Number of protein chains: 2
Amino acid sequence: MGLTKNEIFNDQQNQIALFAKVFGHPARVAILQHLFKINACVCGDLVNEIGLAQPTISQHLKELKQLGLVKGNVEGTSVCYCIHEENWNIMKTVMSEFLNQDLTHKQECC
Amino acid sequence: MGLTKNEIFNDQQNQIALFAKVFGHPARVAILQHLFKINACVCGDLVNEIGLAQPTISQHLKELKQLGLVKGNVEGTSVCYCIHEENWNIMKTVMSEFLNQDLTHKQECC
DNA sequence: TTACTCTATCGCAATATTACGATTAATAGC
DNA sequence: GCTATTAATCGTAATATTGCGATAGAGTAA
């Protein structure tokens, strides 16, 4: 109890859930939007941009990196983050397939 | 601590996160996929289809209903669930806008 | 009414997530 | 070496999520 039973779902379902979970927090949404907007890489600016403490931002970035959606380059004392384009596109394919499902027949009830 | 600081994010970011959070569990992904596949409405079959206990399925359905992605019709002793098409399309618009962001300029680092 | 079926809700235990202060590690500049 | 700057990690508190047994509620059928 308390832990998700991943083993009873298939790989595709688990992958969709993993991607969705990382988007399930507004801070990570905001981080990604900022990385898209500032097309050059962004470092510690994220802490100023988003109103959360540095350890919290660092933790969110870690999750984004673990899923491969963001990559970070060390540049002196600071770290430069940006969108991992190829992986973002892979994610987009997976999520789009899920979101664009169609109801082949119209419903008769409801 | 321990609670998401929604107030520091804008409505769009919070809405994306809300939609994403509901997709952030494979059981809810599986429920939605099944509802799409069985284009007629589905009732307690979900409990058999997915390997979780009835209270657990009921709870996941509740969350999907609260977000408006699923609607339920009482039919005798059972309840008939189906995708709420209009709301699903609204959600798709919101999520697509987020997923289809573009990097206007290519990155120089990373 | 009684018995049965199906779904929702309650209550709890286990686990996960969020946030941040304090600290550590790594680099840059002197 | 020392100091300043930046980011990662540790540790912990607060809250949220997941799952299910037990129970309640609502409808059907006899």
Side-chain angles (χ1 to χ4, degrees), chain A residues 1-9 13-14 17-31 34-35 41-67 70-82 109-110, chain B residues 1-9 13-14 17-31 34-35 41-67 70-82 109-110:
Chain A
M1 309 134 191
L3 90 170
T4 300
K5 294 188 164 180
N6 296 305
E7 67 278 7
I8 67 172
F9 304 104
Q13 289 162 340
N14 281 314
L18 274 181
F19 282 134
K21 195 184 278 179
V22 93
F23 299 143
H25 193 289
R28 290 189 290 264
V29 171
I31 288 172
H34 193 69
L35 288 180
C41 295
V42 173
C43 316
D45 312 337
L46 284 164
V47 177
N48 301 317
E49 188 67 25
I50 299 162
L52 292 172
Q54 180 267 320
T56 310
I57 297 290
S58 187
Q59 201 174 304
H60 285 306
L61 281 167
K62 190 181 176 187
E63 292 178 63
L64 290 168
K65 269 192 292 183
Q66 271 170 349
L67 260 188
V70 156
K71 48 186 171 178
N73 248 23
V74 179
E75 297 211 338
T77 55
S78 58
V79 179
C80 179
Y81 289 103
C82 43
C109 60
C110 296
Chain B
M1 309 136 190
L3 90 168
T4 300
K5 293 187 163 179
N6 296 303
E7 66 279 7
I8 68 172
F9 305 104
Q13 290 162 341
N14 280 313
L18 275 180
F19 281 135
K21 195 184 280 179
V22 93
F23 298 143
H25 193 289
R28 291 188 289 265
V29 171
I31 287 172
H34 193 69
L35 287 180
C41 294
V42 174
C43 316
D45 312 338
L46 284 165
V47 177
N48 300 318
E49 189 66 26
I50 300 163
L52 292 171
Q54 181 268 322
T56 308
I57 297 289
S58 186
Q59 200 174 304
H60 285 307
L61 282 167
K62 190 181 176 186
E63 291 178 64
L64 291 168
K65 269 191 292 183
Q66 271 171 348
L67 260 189
V70 156
K71 47 186 171 179
N73 248 25
V74 178
E75 297 211 339
T77 56
S78 58
V79 179
C80 179
Y81 289 104
C82 43
C109 60
C110 295

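What you see is a predicted model; the values in this text were computed from it and never measured. Order of the sequence lines sets the chain letters (A, B, ...), proteins ahead of strands, with each chain counted from 1.
- What separates NZ of B/Lys5 from P of D/dA16 is a distance of 14 Å, to the nearest Å.
- In this structure, of C/dT17, D/dA7, C/dA8, it is D/dA7 that holds the atom nearest to the side chain of A/Tyr81.
- In this model, the phosphate group of C/dT7 is not approached by any side-chain N or O of B/Lys62 to a distance below 4.0 Å at OP1 or OP2.
- For A/Asn6 against B/Pro26, the heavy-atom pair with the smallest separation is OD1-CG, 4.0 Å.
- Residue B/Ala20 comes nearest to A/Gly24 through the heavy atom pair CB-N, 3.7 Å, listed as atom of the first residue, atom of the second, then distance.
- Residue whose closest nucleotide on DNA chain C sits further toward the 5' end, between B/Asn6 and B/Asp45: B/Asp45.
- Shortest non-hydrogen contact noted between B/Tyr81 and B/Leu35 is O-CD2, 3.6 Å.
- The side chain of A/Val79 lies closest to D/dA7 when the candidates are D/dT17, D/dT18, D/dA7.
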Compile the donor-acceptor pairs under 3.5 Å between side chains in residues 49-65 of chain B and protein atoms, sequence neighbours left out, one pair per line.
unit_1  : atom_1 : unit_2  : atom_2 : d
B/His60 : ND1    : B/Arg28 : NH1    : 3.0
B/Glu63 : OE1    : B/Arg28 : NH1    : 3.3
B/Glu63 : OE2    : B/Arg28 : NH1    : 3.3

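- Taking five base pairs at each end of the helix from C/dT1-D/dA30 to C/dC30-D/dG1 and finding the rotation axis that steps the C1' atoms of four pairs onto the next four gives two axes whose angle is 20°, to the nearest 10°.
- Phosphate proximity of D/dG19 to B/His25: present, with a side-chain N or O under 4.0 Å from OP1 or OP2.
- The two residues A/Leu67 and A/Leu18 come nearest to each other via the heavy atoms CD1-O, 3.6 Å.
- In plain terms, the two heavy atoms of A/Val29 and A/Phe23 that are nearest each other are CG2-O, 3.4 Å.
- B/Glu7 CD to B/Asn14 CG: the interatomic distance, rounded to the nearest 0.5 Å, is 9.0 Å.
- Nucleotide C/dA19 holds its P atom 10 Å from the CD atom of A/Glu63, rounded to whole Å.
- The stretch residues 50-59 of chain A comes close to DNA chain C through A/Leu52, A/Ala53, A/Pro55, A/Thr56, A/Gln59, each having a heavy atom under 4.0 Å from the strand.
- For C/dA19, one of the phosphate oxygens OP1 or OP2 lies less than 4.0 angstrom from a side-chain nitrogen or oxygen of A/His60.
- The nearest whole Å value for the distance from the CD1 atom in A/Ile31 to the C1' atom in C/dT18 is 13 Å.
- In this structure, the side chain to side chain contact (heavy atoms under 4.5 Å, CB included) partners of B/Asp45, at least two apart in sequence or on a different chain, are B/Val42.
- Between B/Leu46 atom CG and C/dC6 atom C1' there is a gap of 13 Å when expressed in whole angstrom units.
- In this structure, the CG atom of A/Asn48 is 14 Å from the C1' atom of D/dA7, given to the nearest Å.
- Summarising the geometry, the separation between CD on A/Gln66 and C1' on C/dT17 is reported as 14 Å, rounded to the nearest angstrom.
- Contact check, B/Lys21 against D/dT17: a side-chain N or O comes under 4.0 Å of OP1 or OP2.
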Expected string for nucleotides 25-30 of chain D under the B/S/- scheme (protein heavy atoms, under 4.0 Å, primed atoms plus P, OP1, OP2 as sugar-phosphate) is --BS--

